[in-house]
Amino acid sequence: MAIILFCLIMSVSALADTYVLDCFAVARWGKLAAILLRPLLLGAVYLVFLPRLPREPVSLSPRLWKLVLGLAAMPLCSLAAVVLLTGGRYDSAAVLRLSLTMGLVVLPVVLLTSAALLAAILVLAQHEALEQSRRLASLREIYYQGLQQQERQVRQLRHDLRNHLTALLGLLEREDVEAAKSYAAQLSRQDALQGTTCFCDNEIANVVLSAKSAELKRAGIPAEFSVSLPAALPVADTDLCALLGNAMDNAREGAQGCPSPWVHLRCRVEKGLWMLQVENSVSGPVPADLSTTKSDKAAHGFGLPGMGEIARRYGDTLEAGCQKDVFRLLVCVPVGAPSQ
């Protein structure tokens with residue numbers, strides 16, 4: 001962002017000082033016109049972007065920020081070339097005019113390219129926000145589909161309850177206690193009797209943790225949840241989804257392959273802080289920089305950096321590390337504090 005804004009401001013200043021000032025050098029008000037042109041042009045750019053500026057800080061993945069950095073090198077190199085061409089002293093007036101003409105062509109391109117990159121960043125940020133909202137909507141849909149399925153199972157079990165009781169009474173009348181116990185055990189293991197897990201009063205936390213708890217269960221990883229969250233939190237729904245989802249995904253991937261895998265999650269509001277702590281077993285060494293251990297590093301490894309970026313926006317702290325085959329992640333957010 002600093003490179004883009006630097007190129008934008010310097011291109012406007014160079015156009016005003018080098019070209020406008022030279023055009024009106026004979027007039028007494030020429031220098032004043034050049035000085036006033038800078039804030040006018042920069043103000044026009046600001047007014048163009050003002051309706052499109054997001055209310056919250058722009059959030060992009062590290063991969064997209066690297067892409068923007070690479071694109072920002074183009075106007076910066078063009079600006080450096082113009083400075084080198086027009087900043088020297090030439091003995092030939094023709095060469096000087098040629099260098100100034102090239103600068104007059106390149107500088108507007110630098111200005112437009114910088115403005116286009118700013119617009120591209122806003123579009124990418126909107127795309128990222130929409131993608132996070134889509135993921136959250138998908139999790140919500142899975143959660144409520146699970147609730148509806150459990151409700152149907154309860155209705156079916158209630159409908160068949162008389163038949164189950166009749167079967168149990170028949171086994172007991174025949175004094176076949178072992179068969180009755182086995183039948184009752186099978187009946188108690190039905191999903192309809194397990195009930196819906198409600199982790200806390202916060203809907204988004206329930207949605208994400210329910211989905212991640214089901215993934216851990218399918219992976220055969222025992223998990224322990226200790227969650228106490230109010231309905232309202234100082235964290236946006238998409239950010240809360242990203243923090244909990246990435247933390248649980250990292251814990252599941254870290255615990256897989258361990259002889260005795262486990263995952264512990266603690267999340268609560270206490271002493272003016274919203275705290276998230278996730279611990280999991282690990283089967284091997286963890287890189288010191290906490291980078292991904294997957295072979296496809298271009299497509300993975302953005303969970304912790306993304307969580308760190310969210311943490312910095314809320315002015316909170318994120319700590320992660322491994323000690324004695326236990327990986328621990330800790331996030332603390334001041335309750336009621338606005339994003340920075």
Side-chain angles (χ1 to χ4, degrees), residues 1-25 30-90 92-131 297-299 301-302 305-306 308-310 312-313 339-340:
M1 290 295 294
I3 292 174
I4 295 172
L5 292 175
F6 173 79
C7 292
L8 190 149
I9 294 171
M10 289 302 295
S11 60
V12 170
S13 299
L15 285 170
D17 293 346
T18 304
Y19 298 96
V20 177
L21 184 59
D22 288 345
C23 292
F24 298 101
K31 189 173 182 179
L32 178 61
I35 294 174
L36 292 178
L37 185 62
R38 291 189 217 169
L40 288 176
L41 287 176
L42 293 175
V45 173
Y46 176 75
L47 291 176
V48 169
F49 281 95
L50 182 60
R52 299 171 178 82
L53 292 178
R55 296 183 179 179
E56 297 181 355
V58 172
S59 174
L60 295 180
S61 66
R63 178 169 46 184
L64 288 179
W65 278 124
K66 290 178 182 178
L67 173 62
V68 172
L69 178 60
L71 294 175
M74 293 188 294
L76 181 63
C77 293
S78 301
L79 185 64
V82 170
V83 172
L84 293 175
L85 284 173
T86 60
R89 294 183 179 181
Y90 301 99
S92 173
V95 175
L96 178 60
R97 284 196 301 271
L98 178 60
S99 65
L100 291 175
T101 303
M102 292 179 64
L104 186 61
V105 173
V106 175
L107 285 174
V109 175
V110 173
L111 175 60
L112 293 176
T113 304
S114 302
L117 284 175
L118 289 177
I121 290 175
L122 295 179
V123 171
L124 289 174
Q126 292 174 357
H127 175 75
E128 286 281 293
L130 289 175
E131 184 65 19
K297 296 184 182 297
F302 300 105
E309 190 276 331
I310 295 174
R312 286 189 293 272
R313 279 197 283 116
S339 61
Q340 301 296 318

Rounded to the nearest 0.5 Å, what separation is found between the CG atom of L8 and the OG atom of S13? 9.5 Å
Where C7 and P75 come nearest, the two heavy atoms and their spacing: SG-C, 3.8 Å
So which atom in V109 and which in T113 form the shortest heavy-atom distance, rounded to 0.1 Å? O-OG1, 2.6 Å
Without placing hydrogens or testing angles, list every side-chain donor-acceptor pair under 3.5 Å for residues 39-46, not counting sequence neighbours.
none

Could you list the donor-acceptor pairs under 3.5 angstrom formed between side-chain atoms of residues 118-125 and any protein atom two or more places apart in sequence or on another chain?
none

If I take atom CG from residue L112 and atom CG from residue L117, how far apart are they, to the nearest 0.5 angstrom? 11.0 Å
Does the side chain of L107 reach to within under 4.5 Å of the side chain of L79, using non-hydrogen atoms? yes
Tell me every residue that passes side chain to side chain contact (heavy atoms under 4.5 Å, CB included) with L69, counting only those two or more places apart in sequence or in another chain. I3
